**Q** 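For reference, the structure I am asking about is given below.
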Amino acid sequence: MRLRRRPSPADNSLTVRIFSGIQPTGQKTFGNYSGGFRQYVATQEEGEAFFCIVDLHSITVEYDPAELRESTLDLAAMLFATGLDPHRSTVFVQSHNPDHAEAAWLLGAIAGYGELRRMTQFKEKSAAHEFVSCGLFTYPVLMAADILLYQTDLVPIGDDQRQHLELTRDLARRFNARFGPTFRLPEGRYPAAGARIMDLTEPTRKMSTSTSPEMGKILIVDPPEAIRRKIMSAVTDTGREVRRAPDKPGISNLVEIMSVATGRPPEAIEAEYGDGGYARFKAAVADAVIACLAPVQERYRALRSDPGELERLLAEGAQKAAGFSRPTLFAMYERMGFTRRPD
Ligand code: ATP
Ligand code: LTN
C-alpha cells in the first residue's frame, strides 16, 4: 500500500495501520469467520494492527450484563484461536481505552441526523426492536471514532459494514476540511469470496449472530454433527448444477462457504462439483467446514480455560492501544478549540 504524507502532528507513523472491531455478543458464526477473523489474521502481517472487542457497541440493543462479561472473554479467546498473535497485533477491549467514547462524542458534533437515519443497519435493527436506544442510532459515530483514532489505513470487514465505512470516510473528510488535517482516510478490505455469508435457512438474508435462527447459522464452536446437520438441511434452489447464479442464492452461498473453508476459488469448486448434484456437494461442504474449524475449536478450548491469561493479554493490549490513540484524541480537542487539559 502507498504510504501517505503526514496529515497532522497526531499522525507521526509511516507504517500502514490496520484496525477492525468485533462485537462480544452471542456465539460467533462462520460469517464472522469469513468477513472477520480470517481477514484479521491475513492483514496482521501487513502493518501495525489493532483488533478491538467493541463492548460499547454491544449495549446498543438489549443485552444481559453477566453474558457480556463472559462473551468478552469468549471473543478474546476466539481472536487468538483463529491466529492473532499478541506479540504482533494489539488486541484489546474498547471500554478499556476511554479515548473511544470521548472521540465519539466529539465526532457527534459533525455527524448529521439525516445521514445517520439513512444507515441500513439502523433501519433494520430499529424495525426489529420495540425499544430503540439512542446508542443504536449513534452506533456508526462510535465506529468512526474507533477507526479514526488510530490513523487507520485499512479496515478488514464484511460487506455489511461497507456503508458504515463510507460514513467514517465522510466524517474524516468533513473534520479535516473544517478543523484542519487530522485523520487519515481509511479504506475497507473485503474478502474476494465470502464477504457476505448468507443464512442457511433463508439465503437472501445475511448469516447473523443476533438475528439468524439456530439452523440458519454455523457457529465456530458447533460440534461436527451440528455443522453437518445444518449444512445438509440448508435451503437450496431447484436444479442440481453446482454453480453460482443470482437466482440461486442457496447454492451460491454453499459455493462461497466451500471456498472460505478450503481457500480454493469458487470457480475451481464449480468445475469440480458441476453437475454431480446437490446432496453430494452438501456432504463435501460439511466435511470441509468441519475440517476448517476443528483446529480453531481445539485452540479455543485451551485458551478459554485460562481467563487470567486472557485478561492479562487484554490489559497489555489496552495500554498499548491508548498510547496510539491519545495523540489523535488530543489533536481533535486542540483543533476543535478546547482549552488544554491540565496534566
Ligand atoms: P449482527 O449480525 O448481530 O449484527 P455481526 O456478526 O454483524 O452482528 P460483528 O460480530 O461485530 O457483528 O461482526 C464482525 C465482523 O464479521 C464484521 O466485519 C462483519 O462485517 C463480519 N460479518 C458478520 N456477518 C457476516 C457474514 N454473514 N458474512 C461475512 N462477514 C460477516
Ligand atoms: N460495526 C461493526 C463492529 C465495529 C467495527 C468497528 C468494525 C465496531 N467498530 C471498527 C470495524 C472497525 C459490526 O457491527 N460488525
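Here the structure is a predicted model, which is why all the values come from computation and not from measurement. We count ligands from 1, going down the list as the structure has it; atoms in each ligand are counted the same way.
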**Q** What does the list of residues with a heavy atom under 4.0 Å from ligand 1 look like, ordered by chain and number?
**A**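 Correct list: Ile22, Gln23, Lys28, Gly31, Asn32, Gly35, Tyr40, Lys125, Ile157, Gly158, Asp160, Gln161, Gly194, Ala195, Arg196, Ile197, Lys206, Met207, Ser208, Thr209, Ser210.
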**Q** Is it possible for you to check whether Arg162 lies under 6.0 Å from the centre of the six-membered ring of Tyr190, through NZ or CZ, and within 45° of that ring's axis?
**A**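 Yes.
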**Q** May I ask you to decide whether Glu272 forms a salt bridge with Arg264, counting only side-chain N to carboxylate O separations under 4.0 Å?
**A**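 Yes, Glu272 and Arg264 are salt-bridged.
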**Q** Return the OH to CZ distance between Tyr273 and Arg243, rounded to the nearest 0.5 Å.
**A** 14.5 Å
**Q** My understanding is that only residues two or more places apart in sequence, or in another chain, count here; which of them pass side-chain contact (heavy atoms from CB on, under 4.5 Å) with Thr43?
**A** Ile18, Glu46, Phe51, Leu154, Pro156, Arg189
**Q** For the residue pair Phe19 and His100, categorise the inter-ring angle as parallel (less than 30°), tilted (30 to 60°) or perpendicular (more than 60°).
**A**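 Judged by the thresholds at 30° and 60°, the geometry between Phe19 and His100 is tilted.
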**Q** Taking 4.0 angstrom as the limit, do Glu309 and Arg304 come out as a salt bridge?
**A**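 No, this pair does not count.
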**Q** Under 3.5 Å, N/O to N/O: give me all the pairs between ligand 2 and the protein, one per line with atom names and distance.
**A**
unit_1   : atom_1 : unit_2 : atom_2 : d
ligand 2 : 1 (N)  : Tyr139 : OH     : 2.8
ligand 2 : 1 (N)  : Gln161 : OE1    : 3.0
ligand 2 : 9 (N)  : Asp146 : OD2    : 2.7
ligand 2 : 14 (O) : Gln23  : NE2    : 3.4
ligand 2 : 14 (O) : Tyr139 : OH     : 2.6
ligand 2 : 14 (O) : Gln161 : NE2    : 3.2
ligand 2 : 15 (N) : Gln161 : NE2    : 3.4

**Q** With Glu166, which residues qualify under side-chain contact (heavy atoms from CB on, under 4.5 Å), at least two apart?
**A**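 Testing Glu166 for side-chain contact (heavy atoms from CB on, under 4.5 Å), a comparison that skips the adjacent residues, returns Arg169.
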**Q** Parallel, tilted or perpendicular: which describes the rings of Phe183 and Phe175, with under 30° parallel and over 60° perpendicular?
**A** tilted
**Q** For the residue pair Phe137 and Phe122, does the interplanar ring angle fall in the parallel (under 30°), tilted (30 to 60°) or perpendicular (over 60°) class?
**A** perpendicular
